[in-house]
Amino acid sequence: MEFGLTEEQTMLQQSIDRFLQTNCPLDRVRELTEDGAVHDTETWQGLTDLGVTGLIAPEQYGGLGMSLLDAMLVQEMLGRHVTPVAFTATSVLAALAISRAGTEEQKASWLPGIADGSLQIAVALSEQSGARDNAGLVFEDGTLSGHVLFALGAPEAQVILVNGPDHSLFAVQADAPGVERQALRSIDDTQVIAEFSFSETPATQLQADQALLDQLVDAGRVMLAADTLGAAQHMIEKAVDYAKDRKQFNRVIGSFQAVKHMCAEMAAELEPCRSLVWYSAHAFDDIPDESRLLACHAKAHLAEVGRFVARTATEVHGGMGFTDLMGLHYWFKRIGFNRQILGSPERAREDAARIQGWI
Amino acid sequence: MDLAYGPEYQAYRQQVRDFLESSKEHWPLRSGLGKPNAELRRWQSMLIERGYTARTIPKEYGGYGGEPDILKSRITAEEFTRAGAPGGLAGQGVSMLVPTLLDMGTDEQKQQWIPKTLSGEVLWCQGYSEPGAGSDLASLQTRATEDGDDFIINGQKIWTSTAHEADMIFCLVRTEPDAPKHQGISYLLFPMDTPGIEVRPLNTMTGLAEFNEVFFTDVRVPKSSIVGERGQGWLVANATLKHERGMLGDPNTAGTRLSLIIKLMQEETVDGSSLMENPVLRDRLLRLQSQVLAMQFNGLRLLSSSIKGESAGIARLIVKLQGCELNHQLAALAIDCYGELGILYHGSPRLRARGNWQRQYMFDLGLIIGGGTAQIQKNIISERGLGMPREPKPASPAVKSMAGS
């Protein structure tokens, strides 16, 4: 019995951490996102060299065929460094969708590109967790029409995976006739989202069903929870460091119990979250009966604890926490973004109630 | 990640199950922390014989004499919970004094007290807190002065559960009034029927007297009753407190409570509808379920770290704080689910669940405060877990002048 990370997993996480610290520090994130959200292709190339982009794609297509637990550990580090790359969309959700519901031909045409980092795929699943503004698609005569909101993935994505009517999943070429992409600008400029509209756009159908769509939502929720875990952990560390350094009334503020207790409360709330996220990823990989419920809880609980940590850590920094100079708001906003995407906590808990047959 | 226990442990699990299945006629009706009756003591001896309790305590002291095996201990606990079987004795003598004596006692003390404590022949109470020494336990003022081969004890203890029926007390007293406060304390063991001891029940908000006050007036105790050296009582006591904080905040308690509330919400109705149909109550239930799961998995992580002999750091330091608060929130939800029925108490007509939820809601507040308050826990988490500085201390007044005031 072992509930923890293997040595390889710890090393994977450390190497991503070091890479991002050196190659994509906050200064770079600031510069890149000055005019809105982008996908950082240079960092993406570096991650490709580390093998990260092909983590989930099966080995026969050039990937590593690793688990969601491994991918989750990468995403935690991306959250920790507020890295502007669309890892979850292409490397996790698209890789899972295509390898589980693609035909041989579809797998052969897309998975190698996912693995070698050359292909970007946007994923539009948000209608699975509630359609806003009448979003939705119709499929007639082999073409899709309508619009989808909050698609995750790079602006340069060559392919779009969209959830269609009756639990269906389609792949659309971004340059196909009738496709229009409109960037949506969110609080968080480190993650890209967009709206796509289609007008009689030719689309290729995958062999999806509700179970597959559920799996994609579950995987997405676990990844968002992991991202928040990494971002929140970073915010606690920043707050503790600041409190040990900043002096008022001739004392470091970290020696005041009012401040210490804020830090202790953040740590006490976040630490059990680590085990919850680990378990939810492990359940996705190996305990299918528990997978859906745990993904809902991980998503909902990390959203709640993340929000608490984001505001408390900012408060520990006093006025400086509120400034752009300190840059703490990048993490604050990343956590705020993750909270709503693929289901707010209330929505995820409602799903959890349904999964347990309570309603 | 590998949550499987392996074949050796599967076999062990089956063995525990078989035992519990075949021993139902011996299950004692009454359990709890008080003085064990003959039935409970017979059950205790059956459990020790099989290593289901007192597993790692050497045979010569009345234990099972097994190697430490965290997984077997956990499997035992899981199977007893699953079967609803009463566990072994768990009073403060068994859970706190015995581990302390094993660490710090002389051979003679171990021989004299551990076997009788494990068998339930001797019941202990703990004399730590005082009216003036709660969170700042080391400022305790109960004095033991020398008189030949004896100490003469004067002072008062509070929060002493089971004192009214205990045979013995393990007690912190100040033997070196001139030493700095942490270095002037000794740890003594003496009988509760020693002349000069008076026990008064302490009624609490629950309507019960779960605790007592204990008064010492010229209580004469031989010097040989000391555990550890004179003036080292603080170290001895800290070894014991560590055991206590492990007991409080157990995530299995929260899991059991959650299951009861789920059942309650499915069975109770208001205006003819099941409570589970109320989206607000349901959302509260699900929020608490997230927290219960997180604490259970945190428990798995602690278990794994223990097996590997690693420190789990903050993951362990937070258990008392988070676990007690979570249990309290669960009791609060249960009361709110019952609504007007939730205020019933004292054996009232229409009372639900024997008034347990109200009692637990009140008693849990005691647990949030006791065993190191929530605020003391936050100090520990921030200082030991996050490396934050201690509160700067004002020039410390000599203990002597405090004690003399």
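Residue numbers start from 1 in every chain, and the chains themselves are labelled A, B, ... in the order their sequence lines are given, proteins ahead of strands.
A donor-acceptor pair is defined here as one N or O able to donate and one able to accept, closer than 3.5 Å; no such pair exists between the side chain of A:H301 and the backbone of B:R287.
No part of B:E277 comes within reach of chain A, as not one of its non-hydrogen atoms sits under 4.5 angstrom from that chain. With a threshold of 4.5 angstrom between heavy atoms, B:Q296 does not approach chain A through any atom at all. The parts of B:I314 that come within reach of chain A are both its backbone and its side chain, each placing non-hydrogen atoms under 4.5 angstrom from that chain. When heavy atoms are compared at a cutoff of 4.5 Å, B:L285 approaches chain A solely by way of its side chain, counted from C-beta outward. Heavy atoms of B:L321 lying under 4.5 Å from chain A belong exclusively to its side chain. Contacts of B:A315 with chain A are made by both backbone and side-chain atoms, with heavy-atom separations under 4.5 Å. Only the side chain of A:K244 comes within contact range of chain B, with heavy atoms under 4.5 Å apart. Contacts of B:I262 with chain A are made by side-chain atoms alone, with heavy-atom separations under 4.5 Å and no backbone atom involved. Looking at A:E269, the atoms closer than 4.5 Å to chain B (heavy atoms on both sides) sit in the backbone and in the side chain alike.
Classification of A:R80 and A:E76 as a salt-bridged pair fails, no side-chain N sitting under 4.0 Å from a carboxylate O. Residues B:R74 and B:E78 are paired through a salt bridge, judged by an N-O separation under 4.0 Å between the basic side chain and the carboxylate. Ion pair A:D351/A:R354 flagged as a salt bridge, since at least one NZ, NE, NH1 or NH2 atom sits closer than 4.0 Å to an Asp/Glu carboxylate oxygen. Between B:E391 and A:K260 no salt bridge is recorded (no basic side-chain N to carboxylate O distance below 4.0 Å). Taking the charged nitrogens against the carboxylate oxygens, A:E271 and B:R301 do have a contact shorter than 4.0 Å, which makes a salt bridge. Between A:R347 and A:E350 no salt bridge is recorded (no basic side-chain N to carboxylate O distance below 4.0 Å). By the 4.0 Å N-to-carboxylate-O rule, B:R257 lies close enough to B:D364 to be salt-bridged with it.
Of the residues considered (B:M276, B:E383, B:Q375), B:M276 shows the highest number of contacts with chain A, using heavy-atom pairs under 4.5 Å. Each of B:R390, B:K308, B:M265, B:K378 has some count of heavy-atom pairs under 4.5 Å with chain A, and the biggest count is that of B:K378. Ranked by heavy-atom pairs under 4.5 Å with chain A, the first of B:N298, B:D2, B:I318 is B:D2. Most heavy-atom pairs under 4.5 Å with chain A, from the set B:L286, B:D283, B:I307, B:L386: that is B:L286. Among the candidates B:M388, B:Q291, B:M1, the residue making the largest number of heavy-atom pairs closer than 4.5 Å to chain A is B:M1. Interface remark: of the candidates A:H297, A:E346, A:Q356, A:E237, A:H297 forms the most heavy-atom pairs closer than 4.5 Å to chain B.
Within 6.0 Å of the CZ atom in A:R307, the count of heavy atoms belonging to other residues, nucleotides or ligands does not exceed 12.
Ring centroid separation for the pair B:F19 and B:Y52 comes in under the 6.0 Å cut-off.
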